[in-house]
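Worksheet: the structure to be examined is printed underneath.
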Amino acid sequence: MNADNDKKQPRKKGFYIHALLLGGFALVASGLLAAADRFSAPAIAQRQTEDLQRSLGQVLPPRGHDNDPAEDTIMLPGPDGKPLTVYQAKRDGRVVAVAFRISGEGYGGPIKLVMGIDKSGRILGVRVLAHNETPGLGDNIETSKSSWILGFSGLSFVKLPKEKWKVKKDGGAFDQFSGATITPRAVVLTVKNALAFFNAHKAAMLAPAAPTSPPEKGKG
């Protein structure tokens, strides 16, 4: 009995040492990750702001407004019920166009887009923000690979009836890519749904943001 206890003691001691070492490594790793996150966060935030402004500049032509749409935003319930940020382009204080992010399901997963629309319901531009479509096939939705997505500019439900918002293979007006029909089909449907969402919520999307009241004295 005593001999068995003597054998177990070194095992217990070894177990505690390994646990302490593992805990120490985990603590150091967590600290390094936290430090890296802290130092890289401002650069990441700056990059995201630049990406947003560049994307907005492509779907809300700067010559059409005199404000910074990235700074003039309102929040509305989106098509999926989640809060949707609406970027408002203004001229002389009046909203003349809006832009918002939209998302559809492509061949490789979600396809994230941003779309600009003027107050009459005419699309000003659509651009891809992110996707996982097949390189050489589905990625033709990017402006760096083809001009396909530029074909949405200038369209509306007045200029192109709803029933024509399909790829040509399905009887619609939009070209599909050779060997990759799912991707353009998903983008066309996503843009069509976004345009319908705008038309249904036009008044709210074009309404200027409510002014923020200054804090009352003694409550500020």
Side-chain angles (χ1 to χ4, degrees), residues 44 46-65 68-70 78-80 82 84-89 96-200 205:
I44 292 173
Q46 178 62 28
R47 179 64 184 274
Q48 290 175 336
T49 299
E50 293 172 356
D51 288 346
L52 173 62
Q53 290 178 328
R54 182 167 56 251
S55 298
L56 291 177
Q58 292 176 334
V59 300
L60 293 173
R63 65 181 180 279
H65 57 87
D68 181 359
D80 56 1
K82 297 179 180 177
L84 175 71
T85 302
V86 178
Y87 302 93
Q88 296 183 323
V96 294
V98 297
F100 53 99
R101 293 184 175 96
I102 51 180
S103 179
E105 194 64 23
Y107 181 78
I111 300 175
K112 298 180 180 180
L113 310 166
V114 61
M115 181 167 79
I117 308 177
D118 72 12
K119 63 181 181 181
S120 71
R122 182 175 61 96
I123 294 176
L124 298 174
V126 180
R127 294 292 187 277
V128 176
L129 297 176
H131 72 86
N132 292 305
E133 300 306 283
T134 306
L137 293 174
D139 61 355
N140 282 321
I141 56 177
E142 297 178 22
T143 53
S144 60
K145 302 295 174 63
S146 84
S147 60
W148 180 83
I149 206 162
L150 303 180
F152 290 106
S153 299
L155 295 183
S156 67
F157 285 152
V158 174
K159 189 168 184 178
L160 184 66
K162 287 184 179 180
E163 59 270 19
K164 299 299 291 182
W165 285 73
K166 305 173 186 173
V167 296
K168 290 180 178 176
K169 187 176 183 179
D170 299 332
F174 297 89
D175 291 329
Q176 59 272 342
F177 309 142
S178 178
T181 302
I182 295 176
T183 304
R185 184 184 284 155
V187 173
V188 171
L189 178 62
T190 303
V191 174
K192 176 187 177 184
N193 290 340
L195 191 53
F197 179 80
F198 171 81
N199 286 335
M205 298 182 86

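Small disclaimer: the values here were computed from a predicted structure and weren't measured.
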Is a side-chain N or O of [X] found less than 3.5 angstrom from the main chain of [Y], in a donor-acceptor match?
| X | Y | value |
| --- | --- | --- |
| K166 | L189 | no |
| W148 | D175 | yes |
| D118 | G121 | yes |
| D68 | A70 | yes |
| E133 | G108 | yes |
| N193 | T190 | no |
| S156 | K159 | yes |
| T183 | G138 | no |
| N199 | A196 | no |

Between [X] and [Y], which heavy-atom pair has the shortest distance, and what is it?
| X | Y | answer |
| --- | --- | --- |
| V114 | L56 | CG2-CD2, 4.5 Å |
| L60 | A97 | CD2-CB, 3.8 Å |
| P69 | Y87 | O-CD2, 3.5 Å |
| K162 | K192 | O-NZ, 3.5 Å |
| A186 | G106 | CB-CA, 4.0 Å |
| V167 | P184 | CG1-C, 4.0 Å |

How far does [atom1] of [X] sit from [atom2] of [Y], to the nearest 0.5 angstrom?
| X | Y | atom1 | atom2 | answer |
| --- | --- | --- | --- | --- |
| F100 | M115 | CZ | CE | 4.0 Å |
| T134 | F177 | OG1 | CZ | 11.5 Å |
| F198 | K119 | CZ | NZ | 10.5 Å |
| D170 | R185 | CG | CZ | 4.0 Å |
| L137 | I182 | CG | CD1 | 11.0 Å |

Verify whether one side chain among H65 and Q88 offers a donor that lies under 3.5 Å from an acceptor in the other.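 There is no such pair between these side chains.
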For atom OH of Y107, decide whether the heavy atoms of other residues, nucleotides or ligands shown that lie under 6.0 angstrom number more than 12.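 12 or below, so no.
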Flag if over 12 foreign heavy atoms under 6.0 Å of NZ, K112: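 No.
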So H131 and D139, do their side chains get closer than 4.5 Å, heavy atoms only?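 Yes, their side chains come closer than 4.5 Å.
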Give the C-alpha distance, both sets of side-chain angles, the deciding distance and a yes or no for side-chain contact (heavy atoms from CB on, under 4.5 Å) between V191 and V126. CA-CA 8 Å; V191 174; V126 180; 4.1 Å; yes
So if I apply the side chain to side chain contact (heavy atoms under 4.5 Å, CB included) rule between I111 and each of I141, L129, I102, N132, which one comes out positive?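 It is I141; the other options fail the test.
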Could you go through L195 and F157, starting from their C-alpha distance and side-chain angles, then the distance that decides it, and tell me whether this counts as side-chain contact (heavy atoms from CB on, under 4.5 Å)? CA-CA 8 Å; L195 191 53; F157 285 152; 3.7 Å; yes
Measure the acute angle between the ring planes of W165 and F152, then classify it against the limits of 30° and 60° as parallel, tilted or perpendicular. parallel
